[in-house]
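The structure appears below as structure tokens.
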2 protein chains.
Amino acid sequence: MDNLLTIQEMSRQTGLSSHTLRYYEKVGMLEGVARNAQGYRAYSEADVSWVQFLVVLRELNIPIREMKRYSDLRSQGPSTVHERRLMLEAHQSRVEEQMRKLSGSLEKIATKIEYYKGMEEVPISVPPN
Amino acid sequence: MDNLLTIQEMSRQTGLSSHTLRYYEKVGMLEGVARNAQGYRAYSEADVSWVQFLVVLRELNIPIREMKRYSDLRSQGPSTVHERRLMLEAHQSRVEEQMRKLSGSLEKIATKIEYYKGMEEVPISVPPN
DNA sequence: GCTTGCATTAGAGCGCGCTCTAAACTGTAA
DNA sequence: TTACAGTTTAGAGCGCGCTCTAATGCAAGC
């Protein structure tokens, strides 16, 4: 029921280093982590899923201060659910926009690659750059 | 035929600040920029399109040292076209992989948003985090 | 002659997200 | 008993990509 994890086990579960786990706690994104008799951190299953969610936010390039803001709202309980949803939707839009930009840039690169392929076949030509 | 640009005009054409333009030159990604009688930079049309290409690379989150490497190959002439193409293809793959990851993370966020919507309608529930 | 505006340089500074260090402590094994 | 492995903390350090500063110069307009 309460199989608690050491920081190393937590590191394995989340892919974050123990340094980073302590750092996330220090900046306030990870509150109420239990301690064992020796003062070592003892992470719960709830801690695991919360940190895994933080990792998703990080994968979306959401800045730490935004993750911290989200954490603070979460700590304030269910009354902040609406605001949390708005935050997630805002980030969703930003990432979608970012992906559109990436697609556009990828197309330009693809064009260049095709151009280079032509140059490799017929080595005399006028380069675009 | 040779309407050269001041650094400010170049800044407008590329979206990079004049500080950044000088920085790109300093790290070696922008060679052979002409100077006018007063020692001011005078950018050619070729410089413009090259920097615009660098901006595309930057939009793809390609590190400066890689852009520098690409610039060096370009300076060595057409014999490096094949290697340049391989670099671009490698970055292409990386960005595609990155976009797949973003898509996956976006889906998780979308799921969470739907969950929150349900919570906002019926305020008594068990939160996942 | 003086101010204004735009440019030059070398080099310092900054915000981000970690990442690492040093010193101290505890429990376990040899 | 002593070494080892794992943890703790505060705080320093780092790589990245700029971004800014200070001192200087030059050309044009008043």
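Just so we're on the same page: letters track the sequence lines, and every chain starts at 1.
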Handout entry: B:T6 vs C:dC6: side-chain N/O to OP1/OP2 distance below 4.0 Å
Key = no
Fill in the blank from the handout: Residues pairing under salt bridge (charged side-chain N to carboxylate O under 4.0 Å, His left out) where one sits in residues 7-22 of chain A, two or more places apart or in two chains, turn out to be none
Problem - Between D:dG15 (C1') and B:E66 (CD): distance, integer Å - result: 15 Å
Completion exercise
Separation of D:dA10 atom C1' from A:R22 atom CZ, nearest Å, is 12 Å
Practice task
List in chain and number order the residues that pass salt bridge (charged side-chain N to carboxylate O under 4.0 Å, His left out) with B:E83, two or more places apart in sequence or in another chain; answer none if no residue qualifies.
Solution key: B:R69
Handout entry: Contacts of B:R100 that satisfy salt bridge (charged side-chain N to carboxylate O under 4.0 Å, His left out) - sequence neighbours left out
Key = B:E97
Practice task
Take the C1' atoms of the five end pairs on each side of the helix from C:dG1-D:dC30 to C:dA30-D:dT1, get both axes, and report the angle to 10 degrees.
Solution key: 30°
Problem - Protein-nucleotide distance (A:R35, atom CZ; C:dC25, atom P), rounded to Å - result: 16 Å
Problem - Under-4.0 Å side-chain N/O to phosphate OP1/OP2 contact, B:R41 with C:dA7 - result: no
Completion exercise
Atom OH of A:Y43 and atom C1' of D:dG6 are separated, to the nearest Å, by 14 Å
Exercise for the section: Could you list the residues that satisfy salt bridge (charged side-chain N to carboxylate O under 4.0 Å, His left out) with B:R41, not counting sequence neighbours? Expected result: B:E25
Handout entry: Nucleotide D:dT7, atom C1' - distance to CG of A:L5 in whole Å
Key = 15 Å
Completion exercise
A:Q92 meets the side-chain contact (heavy atoms from CB on, under 4.5 Å) criterion, sequence neighbours left out, with A:E89, A:E96, B:L106, B:A110, B:I113
Handout entry: Contact pattern, 5' to 3', of nucleotides 17-30 of chain D - B, S or - by protein heavy atom under 4.0 Å
Key = BBBBB---BSS---
Exercise for the section: Could you list the residues that satisfy salt bridge (charged side-chain N to carboxylate O under 4.0 Å, His left out) with B:K101, not counting sequence neighbours? Expected result: none
Handout entry: A:Y23: side-chain contact (heavy atoms from CB on, under 4.5 Å) partners, not counting sequence neighbours
Key = A:V27, A:I64
Problem - Residue-level proximity of residues 93-100 of chain A to DNA chain C when a heavy atom falls under 4.0 Å - result: none
Practice task
Go through the structure and list residues passing side-chain contact (heavy atoms from CB on, under 4.5 Å) with B:K68, not counting sequence neighbours.
Solution key: B:M29, B:D72
Problem - B:M10 CE - C:dT8 C1' separation (whole Å) - result: 17 Å
Practice task
Quick one: list whatever passes side-chain contact (heavy atoms from CB on, under 4.5 Å) with B:Q13, sequence neighbours left out.
Solution key: B:L5, B:V48
Completion exercise
Separation of C:dC16 atom C1' from A:M29 atom CE, nearest Å, is 13 Å
